[in-house]
Amino acid sequence: VELYGKVKLNGKYKYDAKVGNVAVNSLVETDNLWLNQHNYVSAKAKLKYELINKIQTLTIMNFPGMKSYNISGKIKVNPTGKIDTIDFNYKDNKKTTVKIKGSLSTNDVNISVEGTDFDAQLLTSLANLNIPLDGSTDFILLMKGNPSNPYLTVTLNVESGEVFYVPFT
């Protein structure tokens, strides 16, 4: 993963020493941030991290006024380190949606990733691949079982596709 650019974090931190609870509320802003080959010119989101009774929760919320996309999600980690909850949703103003749901532990994985109307070129830029790819994709990725040897299925549908400038459907 290649990551460069500017990320600005502003927020509040609260610590309760009596019980060891922590709460952090933050605003995250990007300025010309690159993830592999994709540029997030300007993005904003609100993050909330809580450590309450040894259970960690990270919540992602849309920043009010952002009209180009809608983002939300939650990751919850129990005291044993098992990720009980993965629930992430993204929707942009071009009808693209991505949903990630599941759970993960040292001996069990159950994750689904579903995308609709996803720009194929964005997929290759996020994966850091230099492949000329065009079209719109719908996909479903399911991963289940033991993390050291998971069962993985991927379904990919492409509309108006091109690979290396050769059309296909």
Between CH2 on residue Trp34 and CD on residue Glu2, distance to nearest 0.5 Å: 11.0 Å

Non-hydrogen side-chain atoms of Thr153 and Thr155 separated by less than 4.5 Å: no

Lys46 atom NZ, neighbour heavy-atom count above 12 within 6.0 Å: no

Can you list, pair by pair, the side-chain donor-acceptor contacts under 3.5 Å of residues 3-17, counting residues two or more places apart and other chains?
{"from": "Asp16", "atom 1": "OD1", "to": "Lys18", "atom 2": "N", "distance (Å)": "3.1"}

Interatomic spacing from OH in Tyr90 to OG in Ser72 - rounded to 0.5 Å: 12.0 Å

Test item: Gln37 and Asn130 side chains (from C-beta on) under 4.5 Å apart, heavy atoms: yes

Expected output: side-chain Thr137 to main-chain Asn157 donor-acceptor under 3.5 Å: no

Stepwise side chain to side chain contact (heavy atoms under 4.5 Å, CB included) test for Ile111 and Ile86: CA-CA 8 Å; Ile111 295 177; Ile86 301 171; 4.2 Å; yes

Any side-chain heavy-atom pair of Leu141 and Leu152 under 4.5 Å: yes

Non-hydrogen side-chain atoms of Lys44 and Tyr69 separated by less than 4.5 Å: yes

same_hphob_cluster(Val154, Ile131) at 4.5 Å side-chain heavy-atom cutoff: yes

Within-4.5 Å side-chain heavy-atom neighbours: Val113 and Phe139: yes

Beyond-backbone contact of Ser103 with Asp84, side-chain heavy atoms, under 4.5 angstrom: no

Side-chain donor-acceptor pair present, Asn39, Asn32, cut-off under 3.5 Å: yes

Enclosure of Lys82 NZ (heavy-atom neighbours >12, cutoff 6.0 Å): yes

For Glu29, the option from Asp31, Leu33, Leu27 that meets side chain to side chain contact (heavy atoms under 4.5 Å, CB included): Leu27

Asp87/Lys101 ion pair, N-O < 4.0 Å: yes

Pairwise distance CD(Glu159) to CG(Asp117) - rounded to 0.5 angstrom: 7.5 Å

Residue pair Met61 / Lys48, side-chain heavy-atom distance below 4.5 Å: yes

